[in-house]
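Let me begin by presenting the structure, written as structure tokens, before commenting on it.
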Amino acid sequence: MSSSTPQASSPSSAGTRYDRVWRNARLATLDPRLPGLGLVEGGAIAVRDGRIAYAGSEEGLALAAGEAGEVIDCEGRWITPGLIDCHTHLVHAGNRANEFEMRLAGATYEEMARAGGGIISSVRALRAASEERLVEESLPRLDALIAEGVTTVEIKSGYGLDLDNEAKALRAARTLGERRDVTVRTSFLGAHALPPEYKTDRAGYLARLIDEMLPAIATEGLADAVDGFCEGIAFSPEEIAQLFTAARAFGLPVKLHADQLSNLHGAALAASLGALSADHLEHTDAEGVAAMKASGTVAVILPGAYYFIRETQKPPIALFREAGVPMAVATDCNPGTSPLTSLLLTMNMAATLFGLTVEECLAGVTREAARALGIGHEVGTLETGKWADFALWNIERPAELVYRMGFNPLHARIRNGQ
Ligand code: DI6
Ligand code: FE
């Protein structure tokens, strides 16, 4: 084993087995074969070609001199998988602070949505913005997530609601992934709201979604998944079922905003269509939970929206826990119901508001978030073969990541081993 002082030599030196090794670390691997957080004291991670070649005890690595291009002494710091925000609408234009003020004066979210505010006001703003402007407005939000150790982020469309503007938003999301060192996964959320021009023609918009927008977006490879908002103020279970059946025919996985404001049995619907995840779930009942368990659908818990619109109905966490439904935790970053760009604070909310444990919170922003995006085989844990995405923290114990509010103890963020 090398000495405890950092040493570095050329990563290209001949005969090296690893490009880089992080040693003298405490690992929260989130390896599902280990109990709890999958802790390894006195741990090391070795990386080759951007992927984890070894994660475990230093003794197990038994590194010989010259075997690693670079050895980094972590000085006992904690390492977790890179954080994953698996549900965001972070590509949007403008903000809705005005509506926030109206709600403080007594209006409800649903009242404003029905009065033409809400999502539709963000649709007007996004349609008026150029693609480059959208990228520029969204970058600070992405940077805020990255600054806390996020290495993968999901970004939805849903404020365009016609082909050109939905495609513009999805391209902007892809561009964000090129401008920053982060993995972006996109979801097509054309079924977010009825656009103003179809206000009196639901069937017309649904036909357009299925026959025009979805095929074009799928063919251009702009979306990694298809999402929908199943709600009284949005789309019915029957409409969502039609759209998702079409999405599956294009080979696209589906995920659903389900049971957020009322119980339309969206969770059960999502499960019946093999959804990767059902999200929000405040009003989901025991049948919905059982259906999700049977289909392996991840429950994405979004405490930011619950908090911000002062919901009182909590998602059935105890039922998910009993049934063994995996729970992810995400910001839902959006201008209307969750203007939140801190995944650390989101974990605190999930614990404080919904009673998630520290282990559930941390698994929820790593392993289970990866699963909710269908990329659990690539990221989300510190396991051999996965991308070397991880975060080093200045903390004494993992609970600190959940406990603090508005403090960022990130020491370093590694993506693809860099
Ligand atoms: N549920 C939400 O909380 C957001 N979208 C959704 O389907 C709200 C989006 C907005 O108000 O702009
Ligand atoms: Fe959302």
Side-chain angles (χ1 to χ4, degrees), residues 85-100 102-103 107-127 137-138 141 153-161 165-166 169 173 185-195 225-236 239-240 243 254-262 264 266-267 270 275-284 298-311 313 315 328-341 343 346 349 369 372-373:
D85 194 349
C86 69
H87 181 139
T88 88
H89 311 244
L90 82 76
V91 167
H92 57 259
N95 66 69
R96 308 225 296 270
N98 60 329
E99 292 185 9
F100 177 59
M102 285 162 61
R103 276 200 304 113
T108 70
Y109 177 72
E110 280 178 279
E111 279 165 11
M112 285 186 306
R114 292 192 190 280
I119 292 172
I120 295 307
S121 60
S122 293
V123 170
R124 274 183 240 113
L126 183 133
R127 288 179 175 182
E137 278 197 42
S138 303
R141 292 187 279 271
V153 59
E154 184 261 13
I155 302 176
K156 305 175 193 302
S157 63
Y159 294 118
L161 306 184
N165 286 294
E166 287 290 298
R185 303 288 294 181
T186 57
S187 302
F188 170 51
L189 180 55
H192 196 192
L194 208 57
V226 172
D227 198 343
F229 187 17
C230 184
E231 193 60 64
I233 55 170
F235 293 88
S236 71
E239 290 164 339
I240 294 292
L243 171 66
V254 296
K255 46 182 46 255
L256 187 63
H257 286 70
D259 308 335
Q260 179 187 9
L261 307 170
S262 62
L264 296 184
L276 287 173
S277 73
D279 304 37
H280 286 288
L281 307 170
E282 278 81 346
H283 293 264
T284 299
V298 177
V300 178
I301 305 300
L302 303 168
Y306 170 91
Y307 164 83
F308 194 74
I309 60 175
R310 289 187 289 188
E311 262 273 10
Q313 174 82 29
V329 173
T331 62
D332 195 16
C333 172
N334 79 69
T337 63
S338 190
L340 173 59
T341 48
L343 203 46
T346 305
M349 289 178 169
L373 296 178

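Every heavy atom of this structure was used, including side-chain atoms; hydrogens, water molecules and symmetry mates were not. When a ligand or atom number is given, it counts from 1 through the structure's own listing order. Note that the numbering runs from 1 along the sequence shown for the chain.
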Of all N, O or S atoms in His257, which has the smallest distance to the Fe ion (ligand 2)?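 When I compare the N, O and S atoms of His257, NE2 is nearest to the Fe ion (ligand 2).
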Side-chain donor-acceptor pair under 3.5 Å between [X] and [Y], yes or no?
{"X": "Ser157", "Y": "Glu166", "value": "yes"}
{"X": "Glu231", "Y": "Ser262", "value": "yes"}
{"X": "His257", "Y": "His192", "value": "no"}
{"X": "Asp332", "Y": "Ser338", "value": "no"}
{"X": "Thr108", "Y": "Arg103", "value": "no"}

Please could you name the atoms of ligand 1 that [X] approaches to less than 4.0 Å, counting only its heavy atoms?
{"X": "Ile119", "answer": "9 (C), 10 (C), 11 (O), 12 (O)"}
{"X": "His257", "answer": "1 (N), 6 (C), 7 (O)"}
{"X": "Gln260", "answer": "1 (N), 2 (C), 3 (O)"}
{"X": "His89", "answer": "5 (N)"}
{"X": "Tyr159", "answer": "9 (C), 10 (C), 12 (O)"}

Glu239 (side chain) donor-acceptor with Ser236 (main chain) under 3.5 angstrom: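 At least one qualifying donor-acceptor pair exists.
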Within 2.8 Å of the Fe ion (ligand 2), is there any N, O or S atom belonging to His280?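 Given the 2.8 Å cut-off, His280 does not count as a ligand of the Fe ion (ligand 2).
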Within less than 2.8 Å of the Fe ion (ligand 2), any N, O or S from Asp332?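 Given the 2.8 Å cut-off, Asp332 counts as a ligand of the Fe ion (ligand 2).
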So, for Thr331 and His87, which heavy atoms are closest and what is the spacing to 0.1 Å?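 Heavy atoms of Thr331 and His87 come nearest at OG1-O, 3.8 Å.
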Tell me the closest heavy-atom pair linking Tyr159 and Asn334, and the distance in Å.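 Scanning both residues completely, I find the closest heavy atoms to be OH-CB, 3.6 Å.
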How far is [atom] from its nearest protein heavy atom, and which residue and atom name does that atom have?
{"atom": "atom 5 (N) of ligand 1", "value": "His192 NE2, 2.8 Å"}
{"atom": "atom 8 (C) of ligand 1", "value": "Tyr109 OH, 3.2 Å"}
{"atom": "atom 3 (O) of ligand 1", "value": "Thr337 OG1, 2.7 Å"}

Where does [X] meet ligand 1, judged by heavy-atom distances below 4.0 Å: at the side chain, the backbone, both, or neither?
{"X": "His92", "result": "neither"}
{"X": "His280", "result": "side chain"}
{"X": "Leu189", "result": "neither"}

To the nearest 10 degrees, could you say what angle the Fe ion (ligand 2) makes with NE2 of His87 and NE2 of His89?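 Approximately 100° at the metal, rounded to tens of degrees.
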First locate atom CE of Met112, then atom CE of Met102, and finally report the distance between them rounded to the nearest 0.5 Å.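 One finds 5.5 Å between CE of Met112 and CE of Met102.
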Given Asp227 and Lys156, is the salt bridge (Lys or Arg N to Asp or Glu O under 4.0 Å) satisfied, shown in steps? CA-CA 8 Å; Asp227 198 343; Lys156 305 175 193 302; 2.7 Å; yes
